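Bear in mind that the values here come from a model prediction, so they are computed numbers and not experimental data.
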Amino acid sequence: MTTTHAHEPARRPLALITGVGRTVGIGAGIARRLAASGWDIAFTYWTPYDHRMDWGVEQGATEAITAALAELGAASVAIEADLTDPDTPGRVLDEAESRLGPVTALVMCHAESVDSGLLDTSLESFDRHFAVNTRASWLLIRAYGLRFRGAPGSGRIVALTSDHTVGNLPYGASKGALDRITLAAARELAHLGVTANAVNPGPVDTGWMTPEVKESLTAATPLGRLGTPRDTAHLVDFLCSPEGAWINGQLLMSNGGSA
């Protein structure tokens with residue numbers, strides 16, 4: 001155990017959060033919640049993905065997120081990360097560690113998501129989904145596990161997943177594989193005292209929903225509303241807290257009871 005002198009503040013633990021590209025996103029919501037709970041934050045973003053999406057790039061998002069984290073007392077570092085490159089996960093851990101110290105919690109919010117089904121998914125799109133959603137997540141977990149030196153019981157892995165299937169083949173299939181990798185980590189990293197859980201946040205509107213989609217998903221949710229980044233952030237905050245240490249190896253449905 002590291003001791004500090006009375007005049008030295010205790011070191012804040014560090015969370016590495018991937019996929020924090022927009023201020024309205026789930027990743028940004030989680031970053032703000034963890035910062036408020038006493039964590040420092042390293043986060044990744046990749047603007048070329050936003051360029052391909054209908055919502056486009058949010059100018060100044062990285063700076064706005066960094067400023068919001070600072071207001072909550074967190075040191076932070078933003079890392080541009082192309083997760084299609086298999087060398088990127090290790091580089092991200094290197095930069096986070098060199099700038100802010102050892103990573104205690106790994107929270108994976110990154111995603112490649114382009115709607116297509118069994119008959120119209122291209123080979124390139126299928127491979128890209130698995131490279132980002134599955135392979136990069138495995139490599140991040142592996143790099144984290146190989147480096148983790150924290151106290152037993154302190155380490156956390158949380159992966160955001162999805163139950164999409166019909167009309168969303170490559171996304172749903174790659175997220176399904178991510179579930180298995182994350183749940184395997186709960187057992188295979190047991191010697192480190194690291195917990196690993198997957199969270200399905202349900203229907204959360206972060207700018208991608210059409211009015212028709214909003215209406216249909218709201219109607220399908222017993223609570224009569226859509227999810228928010230805050231809903232997911234509060235659950236992830238609990239899982240990363242000491243009080244959440246007994247939750248391990250679980251696929252958690254945080255979806256308002258939506259079918």
Partner set under side chain to side chain donor-acceptor pair (under 3.5 Å) for [X], not counting sequence neighbours:
X: S241; value: E243
X: S174; value: N133
X: R149; value: none

Same hydrophobic cluster for [X] and [Y], using side-chain heavy-atom links shorter than 4.5 Å among ILVMFWY?
X: Y144; Y: V92; answer: yes
X: V204; Y: V199; answer: yes
X: V103; Y: I79; answer: yes
X: V24; Y: V20; answer: no
X: L178; Y: L83; answer: no

| task | Go through the steps for I181 and S137 under the test side chain to side chain contact (heavy atoms under 4.5 Å, CB included), then give the verdict. | result | CA-CA 8 Å; I181 293 169; S137 299; 5.8 Å; no
Residues forming a salt bridge (Lys or Arg N to Asp or Glu O under 4.0 Å) with [X], sequence neighbours excluded:
X: D127; result: none
X: R135; result: none
X: D231; result: R225

Only counting residues at least two apart or in another chain, list the ones meeting side-chain contact (heavy atoms from CB on, under 4.5 Å) with [X].
X: V114; answer: R52, M53, E112, H129
X: E71; answer: none
X: A185; answer: I141, I157, L189, A196

Beyond-backbone contact of [X] with [Y], side-chain heavy atoms, under 4.5 angstrom:
X: P170; Y: S116; value: yes
X: R91; Y: D85; value: no
X: V194; Y: L106; value: no
X: V236; Y: R33; value: no

Keeping [X] on the side-chain end and [Y] on the backbone end, is there a donor-acceptor pair under 3.5 Å?
X: T88; Y: D82; result: yes
X: N197; Y: I247; result: yes
X: T104; Y: G155; result: no
X: R156; Y: L239; result: yes
X: R32; Y: T23; result: yes
X: S125; Y: T121; result: no

| request: Quickly, which of L69, I41, L72, L14 forms a side chain to side chain contact (heavy atoms under 4.5 Å, CB included) with L34? Name it, please. | output: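 Of all the options given, the one that passes is I41.
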Quick check on [X]: does its [atom1] atom have over 12 non-hydrogen neighbours (other residues, nucleotides or ligands) under 6.0 Å away?
X: R128; atom1: CZ; answer: yes
X: R147; atom1: CZ; answer: yes
X: E80; atom1: CD; answer: yes
X: E95; atom1: CD; answer: yes
X: R99; atom1: CZ; answer: no

| said: The test is side chain to side chain contact (heavy atoms under 4.5 Å, CB included); show your working for V158 and I30 and say whether it passes. | reply: CA-CA 11 Å; V158 181; I30 292 171; over 6 Å; no
Look up atom [atom1] in [X] and atom [atom2] in [Y], then write down how far apart they are to the nearest 0.5 Å.
X: D40; Y: L16; atom1: CG; atom2: CG; value: 12.5 Å
X: N168; Y: S113; atom1: CG; atom2: OG; value: 5.0 Å
X: L139; Y: D87; atom1: CG; atom2: CG; value: 9.0 Å
X: T18; Y: L160; atom1: OG1; atom2: CG; value: 8.0 Å
X: L169; Y: D115; atom1: CG; atom2: CG; value: 11.0 Å
X: L183; Y: T161; atom1: CG; atom2: OG1; value: 9.0 Å

Locate the shortest heavy-atom distance separating [X] from [Y]; write the atom from each residue and the value.
X: S254; Y: L235; result: CB-CD2, 3.6 Å
X: P86; Y: T84; result: CD-O, 3.5 Å
X: G29; Y: P229; result: CA-CB, 4.4 Å
X: A151; Y: S154; result: O-OG, 2.6 Å
X: A136; Y: P89; result: O-CG, 3.9 Å
X: P102; Y: R11; result: CD-NH2, 4.1 Å

| task | Please assess E58 against D50 for the test side chain to side chain contact (heavy atoms under 4.5 Å, CB included), listing each intermediate value before the final yes or no. | result | CA-CA 8 Å; E58 181 185 355; D50 293 317; over 6 Å; no
| request: Take I17 and C109 through the test side chain to side chain contact (heavy atoms under 4.5 Å, CB included) and record every step on the way to the result. | output: CA-CA 7 Å; I17 309 172; C109 305; 3.9 Å; yes
| query | If you look only at pairs with a residue in residues 13-51, which of them pass as a ring-ring contact (aromatic ring centres under 6.0 Å, His included), with sequence neighbours excluded? | reply |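 Matches after skipping sequence neighbours: none remain.
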| request: Starting from F126, walk the hydrophobic network (Ile, Leu, Val, Met, Phe, Trp, Tyr; side-chain heavy atoms closer than 4.5 Å) and list everyone else you reach, by chain and number. | output: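 Traced through the cluster, F126 reaches F130.
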| task | Starting from L251, walk the hydrophobic network (Ile, Leu, Val, Met, Phe, Trp, Tyr; side-chain heavy atoms closer than 4.5 Å) and list everyone else you reach, by chain and number. | result |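 Under the 4.5 Å side-chain rule, L251 groups with M253.
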